[in-house]
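Please read the structure below before turning to the comments.
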Amino acid sequence: MPLPRLRTAGTAILVTGAALLTRRALRRRIDASPLWPLPALEQPVSGQPRSRALKLRVARHERVADGVVQLRLEGGHLAALPGWEPGAHLDLVLPSGLVRQYSLCGDPEDTSSYTVATRLIGPDEGGRGGSLEVHEALREGVEVEVRGPRNRFPLVGDATSYVFVAGGIGITPILAMVRAVDAAGADWRLLYCGRSRASMPFLEELEKPGGRVTFAAEDVDGRPDVRAFLGEGQGAAAGTAVYVCGPEGLMDAVASALPEGCTPHLERFAPAASAGGESPFEVELRRSGRTVAVGADTTVLAAVRAEVPNVAYSCEQGFCGTCQHHVLEGEIDHRDELLTDSERGDSMLICVSRARGTRLVLDL
């Protein structure tokens, strides 16, 4: 073959290869961030994935207390699942599309599976169907999409001692912490509260460390005396790390019983603040070319969905991140339990957060 034709063929191969690499890089960029800069769209892209999702199989579905099921999720073909530390949680994308968050309560050293537990919450308690779906739909053999792990409730490792307070299913993140500090030989105590002994999971395991766990089942022991528990020994002394997970009333009781200057580490079942506000404001949807009014008694999500119905959302409580959007202009009143400090600079969860002023501009 003549030399010029060889050069032409080689050039064609290089051009084709470069084009293929460019297409692959572009596809990776789009997959990783659906909100990368785009021109105006007929149907604006909504939300952004918070992490790569895994497809896991329910290997075990077990009732561990009244109204509480524990799931063991396995990766199957995966060599090892992403690691996690006590306090971390998973996002479960349920078959219906709902996204719910559950604390990991298994062994961080087990890289072949994740373990979570959830309590069935009925409509009379404010349940919106997620826990019911976990109980009834995530049976053994079912495949479920999982995002994470993420940790917004990390265990500090340099405390002189630890005090834990758990209410009901709030024991799930605390359980992994108790195992970790006990294995490290640290000084710790736990107050574990529940409506009834039958509804409190993991009792058998927690009853083993003699003297370290105080149980307060209301059907047997009455309401817990949080102040008395925190006053025992050096429970709230300087250098003690206090961790609380449970209903809002329990958190308030712990906070009021602690000495001044002692701030507990908290993980809530629900947002700390209401999504409602004192004043209305406007939200401009820059890419769709619309402006919506947000009343004092409604959310940004509700106002936006009235104009752009395809906007994705799930938990409506500031936990899952499905409705995270970039903010181009305006000051944000953050009310979520999810975003990092760096993310709060230019994004918000529109299900709970609001404007501090009279106007916000969203990249939507």
Side-chain angles (χ1 to χ4, degrees), residues 83-91 101-106 108 116-117 148-194 202 206 209 212-214 216 224-273 317-321 334-344 349 352:
W84 61 279
E85 295 181 350
H89 71 270
L90 296 176
D91 295 343
Q101 293 69 44
Y102 298 108
S103 295
L104 286 157
C105 56
V116 297
R150 295 199 308 273
N151 200 339
R152 300 287 292 177
F153 192 42
L155 178 67
V156 298
D158 57 353
T160 57
S161 61
Y162 298 84
V163 169
F164 303 102
V165 180
I169 199 62
I171 191 62
T172 49
I174 299 296
L175 184 65
M177 294 182 179
V178 164
R179 291 176 183 145
V181 298
D182 190 63
D187 180 34
W188 64 272
R189 294 189 299 119
L190 164 65
L191 173 61
Y192 182 16
C193 315
F202 314 118
L206 290 169
R212 292 182 180 267
V213 182
T214 299
D225 189 340
V226 174
R227 190 171 297 276
F229 173 78
L230 292 175
E232 294 175 9
Q234 300 298 314
T240 297
V242 180
Y243 282 82
V244 191
C245 184
E248 201 69 24
L250 181 63
M251 293 188 175
D252 291 343
V254 172
S256 64
L258 290 174
E260 186 176 351
C262 183
T263 303
H265 303 268
L266 305 176
E267 183 159 79
R268 303 178 184 275
F269 288 169
Q317 296 187 33
F319 289 136
C320 73
H334 290 287
R335 303 185 179 190
D336 64 273
E337 301 289 337
L338 178 67
L339 299 184
T340 64
D341 290 341
S342 61
E343 289 172 323
R344 290 174 187 272
L349 301 186
V352 293

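Just the heavy atoms: all of them, side chains too, but no hydrogens, waters or symmetry mates, feed the values below.
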Flag the pair [X] / [Y] as yes when at least one side-chain heavy-atom distance between them is below 4.5 Å, and no otherwise.
X    : Y    : answer
V163 : L191 : no
S161 : R189 : no
V178 : V213 : no
R150 : D91  : yes
S103 : F153 : no
D182 : R212 : yes
T172 : Y102 : no

Minimal non-hydrogen separation, [X] against [Y], with atom names:
X    : Y    : answer
L90  : V116 : CD1-CG1, 4.1 Å
P86  : A176 : CG-O, 3.7 Å
P149 : L104 : CB-CD1, 3.9 Å
L190 : I174 : CD1-CG2, 3.9 Å
G318 : D336 : O-CB, 3.5 Å
R179 : G106 : NH1-O, 3.0 Å

Legend entry - E267 side, atom CD; M251 side, atom CE - distance, nearest 0.5 Å: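 Spacing of CD (E267) from CE (M251) equals 7.5 Å.
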Legend entry - Heavy-atom donor-acceptor pair, R227 side chain to A253 backbone, under 3.5 Å: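 Not a single qualifying donor-acceptor pair exists.
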Inset, instruction - Check the pair R335 / L349 against side-chain contact (heavy atoms from CB on, under 4.5 Å), numbers first and verdict last. - result: CA-CA 8 Å; R335 303 185 179 190; L349 301 186; over 6 Å; no
Inset, instruction - State whether a side-chain donor-acceptor pair under 3.5 Å links W84 with N151. - result: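 Their side chains do not contain a donor-acceptor pair, so the 3.5 Å distance test is not met.
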Inset, instruction - Could you label the plane-to-plane angle of the F164 and Y243 rings as parallel, tilted or perpendicular, counting under 30° as parallel and over 60° as perpendicular? - result: tilted
